[in-house]
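These notes concern the structure reproduced below.
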There are 2 protein chains.
Amino acid sequence: MANLKQLAQSLGLSITTVSRALDGYSDVSAATRQRVQEAADKAGYRPNASARRLRKQRAELVAVTLPSEPGHIGPLHFLDMLSGCAEHLAGAGLNLVIAPVPHGESELDMCRRFVDGRRVDAMLLVRTKRHDERVEFLQSRGFPFVTNGRTESAIQHPYIDGDGFSGFHAATLRFHRDGHRRIAHVGGRQDYFFAHVRRQGWEAAMRESGLSPDLYVEQMPTEQGGYEAALGLLARSDRPTAIVCATDEMAIGVLRALREVDGGLSISVVGHDDLPIGAFTSPALSTMRMTGGNLGRSFASLLLRTIAGEPAETLQELHAIEFVDRDSHRLPPVAA
Amino acid sequence: MANLKQLAQSLGLSITTVSRALDGYSDVSAATRQRVQEAADKAGYRPNASARRLRKQRAELVAVTLPSEPGHIGPLHFLDMLSGCAEHLAGAGLNLVIAPVPHGESELDMCRRFVDGRRVDAMLLVRTKRHDERVEFLQSRGFPFVTNGRTESAIQHPYIDGDGFSGFHAATLRFHRDGHRRIAHVGGRQDYFFAHVRRQGWEAAMRESGLSPDLYVEQMPTEQGGYEAALGLLARSDRPTAIVCATDEMAIGVLRALREVDGGLSISVVGHDDLPIGAFTSPALSTMRMTGGNLGRSFASLLLRTIAGEPAETLQELHAIEFVDRDSHRLPPVAA
DNA sequence: AAGGTCATCCAAAACGTTTTGGGAGTCAAG
DNA sequence: CTTGACTCCCAAAACGTTTTGGATGACCTT
């Protein structure tokens, strides 16, 4: 309701003084400051966001691009992460806008709109590809951004990622130690960085163990994808005794297929992401997760620091993967 | 990079003319318009969002409040809805910002920040309570908003909701027709409108069938909540033969408890929301869902129309609930 | 009394757009 | 030649804030 001009008028002060009083500058007397503060509180005054943004040349906004995969939008733990990120950004006066890719527009066009219209101060990119055109565009514009997941970009950029290679490497080796010899991998499209390194981890572990990485199926990173992948694997003559899945969603689809075909859990399964629901599948899903605490807070921190101009090299976080052992990985290495 | 002034200078035109040419006004010649258009395209010109917002007195933003329940953030299908909503809002030049409740702040304070700072043009409220202080505040300010879920507010407001009463009424009656007599309800906190009407539907159907609505447990609307509720119900001497759950998450927790206690599905179960994952539980979860097509699009439409000043009475959508029959509701009415 | 140092305050510019209220020129009708 | 209508263009104001670059006294020092 109230703006600076009205407030100043009612106090018999100039706009300048009122503004500076509220911002805590030292060149306004304590008495005046308090008088202004009280009047502002009583009037419920908040500076007009658009005006401040124009003057300060900051949008006070960060956009996060939402991948829109057919039938399934991003991993299920996204919203948790976004919420945490938005909360910590709000602490610094920034809001988080979600930016799904409009029908018939490319992710690139969307980035262009946000960057060239100066609608945001930074962007948060999720589900990076090995060669990501969004990353290249933002780099060419010198625009601040942080990614969830690494890329194969020649130029460094800020990111947070889990060490998928080591995680899947370790999971595969553990199955091998437990006596498994036919260890399958259900992976996602290899142009996604996360899917690629997870597969690499599995493959490396297989070769180190003297096994050939034949039992590989590529599918959509959804329950349906995992389900179909498992049906294919179960029909093979060299049926696996263990399956390492790129995501928990896929693993849940695999569990479902096992129950349908074998009537229960006949093969060891492990997923990745530690979805809350994994504790409630039957059997309870063994999985992996990124270490490192509050992910949303970390993203917010990196975003703020990259906006502040810190160099990319100091804004890269690669977190270790840890096992979350429940029941689905404990089967003996013999198919039912 | 470029602004209107630079563009005008390079074309030898006034700022006014360039602005009006790009906005398609009729008082600029076709030749000039085209010349301007081409120059703008070449320079990659986009109007500065902050400046336009200030001048037009519109924030071009809508905020959606995110409920932050301990351990679980909102229903899992939220993100899908938000994404659809954001996409359709973007078509009208609005962006959607997500607004989680910051630690140590109330939902009310948050609304105040957005409204008084004129940071947004409207708000989208989810998970309404029967008496919702956010609704009352926004109504007292005359600020545009739409809710997901009804309230018991004396004043009308725009909303989209499913007819939970009829849905749970019908589901309970169907169990009764199938021969069930001990039909339980696992519900959520009754200050939430959706939880309240769903319970009312179950209760009404029980009474109409001459049964007393004793088998009721209230829990968190999460897998864990459903799990604990089911453990309690299974220990009773008047153990139910069917359970109607307020949400799919709860139903999934119930299924898990059944498997643990009875070693399989011993009781009929039905949930609500049609989470994609329901098709992949074992048994596949029978559930209900709101009819009415693209929910996100509907919210976007209602938001735009309430911003445009349409009266609340014409902006209320109550959608029917339909069954999604899979396997978990088909058991005979006899406990194992 | 002059000069210097503070403490307080303020007018005006700037941010980049949209919109208001004309102004200049052309052309046809009277 | 005047008048009015029409086409095309523009200067200036406005949106509400932050920031720059002083201005005005009061008080102290010499």
Side-chain angles (χ1 to χ4, degrees), chain A residues 1-37 39-40 43-61 93-95 113-121, chain B residues 1-37 39-40 43-61 93-95 113-121:
Chain A
M1 273 293 124
N3 60 20
L4 225 39
K5 196 199 281 194
Q6 293 163 13
L7 207 55
Q9 220 146 29
S10 80
L11 283 164
L13 289 170
S14 74
I15 292 179
T16 308
T17 302
V18 177
S19 172
R20 295 179 75 83
L22 292 174
D23 273 8
Y25 279 71
S26 64
D27 64 352
V28 29
S29 73
T32 308
R33 188 196 332 287
Q34 185 171 350
R35 205 160 60 92
V36 171
Q37 193 62 257
Y45 169 78
R46 314 265 171 145
N48 179 298
S50 300
R52 196 204 12 253
R53 287 166 175 166
L54 172 59
R55 170 63 225 219
K56 300 198 97 164
Q57 297 285 77
R58 315 234 270 78
E60 295 180 353
L61 291 173
L94 302 198
N95 285 120
R113 264 221 326 278
F114 278 104
V115 172
D116 290 341
R118 240 143 286 138
R119 309 179 81 84
V120 296
D121 298 321
Chain B
M1 273 291 123
N3 60 19
L4 225 39
K5 195 199 283 195
Q6 292 163 14
L7 207 55
Q9 219 145 29
S10 81
L11 283 164
L13 288 169
S14 75
I15 293 179
T16 309
T17 301
V18 176
S19 173
R20 295 179 75 83
L22 292 174
D23 273 8
Y25 279 70
S26 63
D27 66 350
V28 28
S29 73
T32 309
R33 188 195 331 287
Q34 184 171 351
R35 203 158 64 92
V36 170
Q37 193 61 258
Y45 169 78
R46 315 266 170 144
N48 179 298
S50 301
R52 196 203 14 250
R53 287 166 175 166
L54 173 59
R55 170 63 224 220
K56 301 198 94 163
Q57 296 287 76
R58 316 235 271 80
E60 296 179 352
L61 291 173
L94 302 199
N95 285 119
R113 264 221 325 279
F114 279 104
V115 172
D116 291 340
R118 240 143 285 139
R119 308 178 82 85
V120 296
D121 299 320

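Numbers restart at 1 for each chain; the letters A, B, ... are given by sequence-line order, proteins then strands.
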Keeping B:D121 on the side-chain end and B:A59 on the backbone end, is there a donor-acceptor pair under 3.5 Å? yes
Between B:R33 (side chain) and B:Y25 (backbone), is there a donor-acceptor pair under 3.5 Å?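 Answer holds: yes.
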Who are the salt bridge (Lys or Arg N to Asp or Glu O under 4.0 Å) partners of B:R113, not counting sequence neighbours?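 If we apply the salt bridge (Lys or Arg N to Asp or Glu O under 4.0 Å) test to B:R113, skipping adjacent residues, the hits are B:E105.
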Residue set satisfying salt bridge (Lys or Arg N to Asp or Glu O under 4.0 Å) with B:R35, at least two apart, ordered chain then number -> none
Residues forming a side chain to side chain contact (heavy atoms under 4.5 Å, CB included) with [X], sequence neighbours excluded:
{"X": "B:R52", "result": "A:R119, B:P47, B:K56, B:E60"}
{"X": "A:Q34", "result": "A:E38"}
{"X": "A:T32", "result": "A:L13, A:T17, A:V28, A:S29, A:V36"}

Reckon B:S29 touches a base, only the sugar-phosphate, or nothing at all at heavy-atom distances under 4.0 Å?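 Here B:S29 touches the backbone only, sparing every base.
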>> Just to be sure I understand the rule, does A:L13 reach a base, reach only the sugar-phosphate, or reach nothing, if contact means heavy atoms closer than 4.0 Å?
In response: sugar-phosphate
Scanning both residues in full, the closest heavy-atom pair of B:L54 with B:Q57 reads O-OE1, 3.1 Å
A:L7 and A:S10 have their tightest heavy-atom pair at O-OG, 3.0 Å
| Under the side chain to side chain donor-acceptor pair (under 3.5 Å) test, residues paired with A:R20 that sit two or more places apart |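 Once residues adjacent in sequence are excluded, the partners of A:R20 under the side chain to side chain donor-acceptor pair (under 3.5 Å) criterion are A:D27.
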Taken in chain and number order and not counting sequence neighbours, the residues that satisfy side chain to side chain donor-acceptor pair (under 3.5 Å) with B:R55 are none
Salt bridge (Lys or Arg N to Asp or Glu O under 4.0 Å) pairs touching residues 9-18 of chain A, sequence neighbours excluded, are none
Based on the rotation axes of five pairs at each end, what angle does the helix from C:dA1-D:dT30 to C:dG30-D:dC1 bend through, to 10°?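 The angle separating the two end axes equals 70°.
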Outer limits of DNA chain D sitting under 4.0 Å from a non-hydrogen atom of chain B, read 5' to 3', are D:dC8 to D:dG16
Interface with DNA chain D, restricted to residues 45-58 of chain B and to heavy atoms under 4.0 Å: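 Per residue number, the list reads B:L54, B:R55, B:Q57.
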Sorted by number, residues from residues 19-28 of chain B placing a heavy atom under 4.0 Å from DNA chain D are B:D27, B:V28
Problem set entry | d(CD, A:Q34; P, C:dT8) in whole Å |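 In whole Å, C:dT8 P lies 14 Å from A:Q34 CD.
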note: A:R35, atom CZ; C:dT8, atom C1'; distance rounded to Å ~ 13 Å
dist A:N3:CG -> A:Q9:CD (nearest 0.5 Å) comes out at 9.5 Å
Q. Would you say the base of C:dA11 and the side-chain of A:S14 have a donor-acceptor pair closer than 3.5 Å?
A. no
